[in-house]
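Okay, so here's the structure we're looking at.
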There are 2 protein chains.
Amino acid sequence: MTRFLKGHGTENDFILLPDLAKLDPRAPVPPLTAEEVRRLCDRHAGIGANGVLRVLPVGTATEAEGLDTAAARWFMDYRNADGSASEMCGNGARLFARYLRDAGLETADAFDLATRGGVRGVSMSPDGEVSVDMGPATSGVASVAEISGARFPGQQMSLTNPHLVCLTDVAVDTINLSCPPVVDDGLFPDGVNVEFANLRSADSDPPRVRMRVHERGVGETRSCGTGACAVAAHVLARIGRDTGRVLVEVTGGELTVSVTPAATVLSGPAVFVATGDIDPDWWTSIPE
Amino acid sequence: MTRFLKGHGTENDFILLPDLAKLDPRAPVPPLTAEEVRRLCDRHAGIGANGVLRVLPVGTATEAEGLDTAAARWFMDYRNADGSASEMCGNGARLFARYLRDAGLETADAFDLATRGGVRGVSMSPDGEVSVDMGPATSGVASVAEISGARFPGQQMSLTNPHLVCLTDVAVDTINLSCPPVVDDGLFPDGVNVEFANLRSADSDPPRVRMRVHERGVGETRSCGTGACAVAAHVLARIGRDTGRVLVEVTGGELTVSVTPAATVLSGPAVFVATGDIDPDWWTSIPE
């Protein structure tokens, strides 16, 4: 396995490994070790990325993990840069879907992906945007994020992963996110992604929000798909709507989120930057 | 121009652009804009690197910049990640030399490179290490670097670029380098790279030093070729020698530095990680 593509969705960037798309769905799946993922994602010693997307046919790989796959034909084997397997990644799923279409592995405008977070519907629009259904956003209790003594009231939200959305009048571009915000550890025992958001225009169609995000275990990132969904759902509730679209300006670009009671659809660009081959001598030098 | 290689020397990482090696030396040289370099080096929106190494034949390109090239056949057109042209880069020159040999553009074990910092001799050893002569290291005056109120006495050194070498008994791995050390702005009006070093063994052959570095305008990096040379020259002087070898443990690996009055030879690994093609749609989307 030596081919790779590098690309990003609103500057959440990924290494995509396509070779196993040719694998017989019933064949044993070659391992991808945590150390291999860490080396690939190392931004100085490797290629560098936020995570790895491995293309696998639904079959042996999904059965081994006991995943529900329904009509999906392809499994997004997503790994975080630290080597851990991860359930879902919205911007990653959008890039993964774009690859399947570009490579001719899917030909419809809408299809399903198998992920560790369940089957996800994706769709391609004529303008090149790629959308993924992130499932329903659920709202929790009010809480607070604190940065250098400044308190930002916020709202607990969940999109399978935990969020604290702080809609504020403080210009978010002036907030120092170099250190983790202090949050209620009792409410968020596994950590939380904290979004700081300014409502730029409530009356425009769609409403427009500027968002910055501090991701648990990572630090500030240029984009967070579930974070944009959490912000959009919270903003709609604040302006008295249950459903609708919100345009979210993240640091790495623009995402559009469509909210209904049953779904949160994340849409935006998915861009490939390069394609290439991993050096075989380097690859085989990675310890087991 | 769409081919690239990505590699590193002690985890100083570079994007190498090889296509112009085929250019007629007398032909006009295609531009590489600062914006193109910034996009290539962007670690999230591009491929990601500390800098770009473009392979150019000595000829039109070096004449246009009025460079002395002597017997060199290849010009290392080095750019920093911010898009600026740069004179020299020790780890970059070692990776550049490895490419010329791997590609068969040079066949001798030792040859000269043309750089904006003058002609540099490089050599390849049978164990795969690549060496580059960084020119003489010169010593200046005593000065001090301050971090969070702690004062580290140091020595001004120059390898065409300015250094402040702080040999200390404080374990350098405990020092917080997340912010720039405070230095004497009068002595270093253009900024300075600050090295913090522990002498691990003065009596071994070669002596062994652990070094961390804060590079001006960048922050802490995993390696700095001229920094390793500055540390080695200073350590040798401290232990009463003018010449000799020093092994420098940087965060990204190990470098060996050989010091004589006329030369400072930097040796270490140079590793290619991947080779590939820049996506032409992405490349042409970069503004002028």
Side-chain angles (χ1 to χ4, degrees), chain A residues 2-18 36 39-51 81 91 95 98-99 102 128 176 178-179 218-224 250-253 269-286, chain B residues 2-18 36 39-51 81 91 95 98-99 102 128 176 178-179 218-224 250-253 269-286:
Chain A
T2 59
R3 294 288 295 166
F4 74 96
L5 292 88
K6 174 148 190 208
H8 69 90
T10 53
E11 302 183 7
N12 250 184
D13 63 314
F14 305 93
I15 294 164
L16 185 142
L17 302 176
E36 287 168 341
R39 294 286 188 105
L40 284 172
C41 291
D42 189 305
R43 295 193 182 277
H44 298 273
I47 295 170
N50 287 144
N91 286 315
L95 194 71
R98 148 124 309 159
Y99 172 75
D102 287 357
N176 180 354
S178 60
C179 296
V218 182
E220 185 178 11
T221 60
R222 297 193 197 176
S223 183
C224 172
V250 295
T251 305
V271 177
F272 282 106
V273 168
T275 178
D277 294 286
I278 298 162
D279 188 282
D281 290 340
W282 176 75
W283 183 248
T284 53
S285 74
I286 298 174
Chain B
T2 59
R3 293 288 295 165
F4 75 97
L5 293 87
K6 175 149 189 206
H8 69 90
T10 53
E11 301 183 7
N12 251 183
D13 63 314
F14 305 93
I15 294 163
L16 185 141
L17 301 176
E36 287 168 341
R39 293 285 189 106
L40 285 172
C41 291
D42 188 306
R43 294 192 184 276
H44 297 273
I47 295 171
N50 287 143
N91 286 316
L95 194 72
R98 149 123 311 159
Y99 171 75
D102 287 357
N176 180 354
S178 59
C179 295
V218 182
E220 185 177 11
T221 60
R222 298 193 197 176
S223 183
C224 172
V250 294
T251 304
V271 176
F272 282 106
V273 168
T275 178
D277 294 286
I278 299 163
D279 188 280
D281 290 338
W282 176 75
W283 183 247
T284 53
S285 74
I286 298 174

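Here is how names work: the chains are called A, B, and so on, in the same order as the sequence lines, proteins then strands, and each is numbered from 1.
- Heavy-atom pairs under 4.5 Å with chain A peak, among Ser285(B), Gly46(B), Gly48(B), Pro280(B), at Gly46(B).
- The line from CH2 of Trp283(B) to OG1 of Thr2(B) is 10.0 Å long, rounded to the nearest 0.5 Å.
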Residues 269-276 of chain B side chain polar contacts: donor-acceptor under 3.5 Å, at least two apart:
from, atom 1, to, atom 2, distance (Å)
Thr275(B), OG1, Arg3(B), NH2, 3.1
Thr275(B), OG1, Phe4(B), O, 3.4

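- Looking at Ile278(A), Ile286(A), Ile47(A) one by one, the single match for side-chain contact (heavy atoms from CB on, under 4.5 Å) with Arg39(A) turns out to be Ile286(A).
- The shortest non-hydrogen separation linking Thr284(A) to Asp281(A) is OG1-O, 3.2 Å.
- Leu5(A) places a side-chain heavy atom less than 4.5 Å from the side chain of Pro18(A).
- Scanning all heavy atoms of the two residues, the minimum distance from Ala49(B) to Ala81(B) falls at O-CB, 3.8 Å.
- The contact between Arg43(B) and chain A is made by backbone and side chain atoms together, counting heavy-atom distances below 4.5 Å.
- For a residue to count as touching a neighbouring chain, one of its non-hydrogen atoms must lie under 4.5 Å from one of that chain's; by this rule Asn50(B) touches chain A with the side chain only.
- Of the listed residues Asp42(B), Leu40(B), Asp277(B), the one with more heavy-atom pairs under 4.5 angstrom with chain A than any other is Asp277(B).
- Using non-hydrogen atoms only and a strict 4.5 Å limit, the part of residues 8-16 of chain B facing chain A consists of His8(B), Glu11(B), Asp13(B).
- In this structure, CG on Leu17(B) lies 9.5 Å from CD on Glu36(B), to the nearest 0.5 angstrom.
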